[in-house]
Amino acid sequence: MNITLVAGARPNFIKVAPIIEAITRQKARGMAINYRLIHTGQHYDTNLSARFFEELNIPTPDLNLEVGSGTQAEQTAAIMIGFERELHQNPCDLVIVVGDVTSTMACAIVAKKAHIQVAHVEAGIRSGDLNMPEEINRMVTDSITDYFFTTSTYANAHLKRLGVPESKIFFVGNVMIDTLMKHAPRFKRPPLWEALGLSAKQYFVLTLHRPHNVDHPQELDQLIARIVSHSQGLPLIFPVHPRTQTLLGGLQVSYDNLHLIAPLGYLEFNYLVKHALAVITDSGGITEEATVMHVPCITLRDTTERPETCAMGTNILVGNDPKLMETAFNRLYSGQWQEGVIPELWDGQTATRIVDHLIALFKSS
Ligand code: UDP
């Protein structure tokens with residue numbers, strides 16, 4: 001079986017790493033399974049790309065489409081043109097796409113039009129918010145996917161409601177958590193820990209990159225001011241995403257306890273999250289990681305495509321609502337935060353299950 005695996009952006013790299021390991025293990029056992037890894041170049045910054053390949057031992061991609069930045073349409077078009085050429089030159093039996101970024105959707109469309117089967121890892125999740133480009137990517141990708149690998153019973157239910165036959169839905173768990181569990185013993189205390197005199201449970205980690213939070217300067221300014229006002233002077237460590245940096249550059253954001261830093265590598269970032277009093281974020285993946293590490297997570301969004309992180313995990317949605325934010329911080333300081341439980345099958349074995357299913361499917365076809 002020849003597989004083409006697509007990765008384009010930071011969260012994708014974290015998701016493909018365990019899939020590549022599972023394929024490699026099966027190959028070493030004599031299974032006729034090969035893969036080509038295609039990096040679309042959607043994220044190209046060293047801190048968002050190369051560093052993850054290095055830290056997570058992801059092999060060098062067979063091809064980098066080097067699409068770079070651009071509008072949604074420009075990136076989608078560039079990825080589609082490059083990926084069509086790739087599939088023409090290197091035909092395969094299956095394309096695996098992960099997550100919900102532009103590359104996920106663009107490559108799924110190209111594969112399907114080339115009559116190649118598509119497997120979507122992290123299928124079926126929905127926020128219901130069509131203002132998020134990711135939601136459109138999820139909907140389009142799932143509408144042409146052949147094999148749906150899901151992280152949660154919520155995702156299974158969505159897909160069933162859409163009429164996807166049960167035989168195409170594979171509830172396997174969460175590949176992001178495979179990576180988290182494998183690398184947890186290697187988490188690294190960053191040099192800033194000493195430099196800022198941090199101590200466990202006495203600081204916050206903050207990340208912001210969703211357009212609705214970072215694309216309007218005045219609102220971003222107010223949001224940060226509100227977070228700082230609730231921080232009780234504890235250090236707020238803010239690894240700034242390049243998208244956010246562009247906007248922050250024009251603002252005079254300066255508070256004694258707010259520390260703006262470059263995006264961190266995976267091992268340092270998750271060390272900080274693990275020991276934080278709480279993480280404040282608009283990321284999707286971080287809500288899952290916080291849940292598994294039992295770290296309180298305050299999410300600056302009104303919706304989530306990962307409701308299990310709220311229902312079972314440590315996540316609370318506060319959106320941009322001052323009252324909800326205040327309630328959340330009060331709950332945190334009074335020690336009332338839910339410890340949460342780890343969702344079903346988030347056990348570090350998801351990629352193995354995915355590859356086992358694929359081998360069985362392609363044997364029988
Ligand atoms: N992450 C990281 N360094 C950082 C911020 C995030 O390694 O400075 C990791 C984080 O642990 C998670 C992933 O990046 O695995 C989340 O990516 P992002 O928030 O960009 O994407 P989303 O999950 O929202 O799609």
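Whatever order the structure lists ligands and atoms in, that order sets their numbers, starting from 1.
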Distance-only N or O hit between ligand 1 and H241, under 3.5 Å: no
Lys/Arg-Asp/Glu bridge criterion (N-O < 4.0 Å) met for E268, R51: yes
S49 side-chain N/O to Y44 backbone N/O, donor-acceptor pair under 3.5 Å: no
E134 side-chain N/O to D100 backbone N/O, donor-acceptor pair under 3.5 Å: no
N or O pair under 3.5 Å between N270 and ligand 1: yes
Shortest protein contact, atom 8 (O) of ligand 1 (heavy atom only): L264 N, 2.9 Å
E268 to ligand 1, any heavy atom closer than 4.0 Å: no
Any N/O pair G285/ligand 1 closer than 3.5 Å: yes
Contact (N/O only, under 3.5 Å) between S283 and ligand 1: yes
Protein residue, atom and distance nearest to atom 1 (N) of ligand 1, heavy-atom basis: F269 CD2, 3.6 Å
Sidechain N-carboxylate O distance under 4.0 Å for R10, D45: no
Closest protein heavy atom to atom 5 (C) of ligand 1, given as residue, atom name and distance to 0.1 Å: R10 NH1, 3.3 Å
Element-labelled atoms of ligand 1 that are located less than 4.0 Å from some non-hydrogen atom of M176: 12 (C), 13 (C), 15 (O)
N/O separation below 3.5 Å, P263 to ligand 1: no
Backbone or side-chain N or O of R210 under 3.5 Å from ligand 1 N or O: yes
Closest approach of any protein heavy atom to atom 24 (O) of ligand 1, naming residue and atom: G284 N, 2.9 Å
Side chain R353, main chain V172, donor-acceptor under 3.5 Å: yes
Between S127 and E135: side-chain donor-acceptor atoms closer than 3.5 Å: yes
Any N or O of I14 closer than 3.5 Å to N or O of ligand 1: no
Check ion pair K274-E289 (N to O, under 4.0 angstrom): no
Heavy-atom side-chain contact between T303 and R301 under 4.5 Å: yes
Location of contacts on E289 toward ligand 1, heavy atoms closer than 4.0 Å: side chain
Short side-chain to backbone donor-acceptor contact, D142 and G124, under 3.5 Å: yes
Shortest protein heavy-atom distance from atom 25 (O) of ligand 1, along with the residue and atom involved: P11 CG, 3.6 Å
Ligand-residue contact atoms, ligand 1 with F52, heavy atoms, under 4.0 Å: 2 (C), 7 (O)
Q245 side-chain N/O to P242 backbone N/O, donor-acceptor pair under 3.5 Å: no
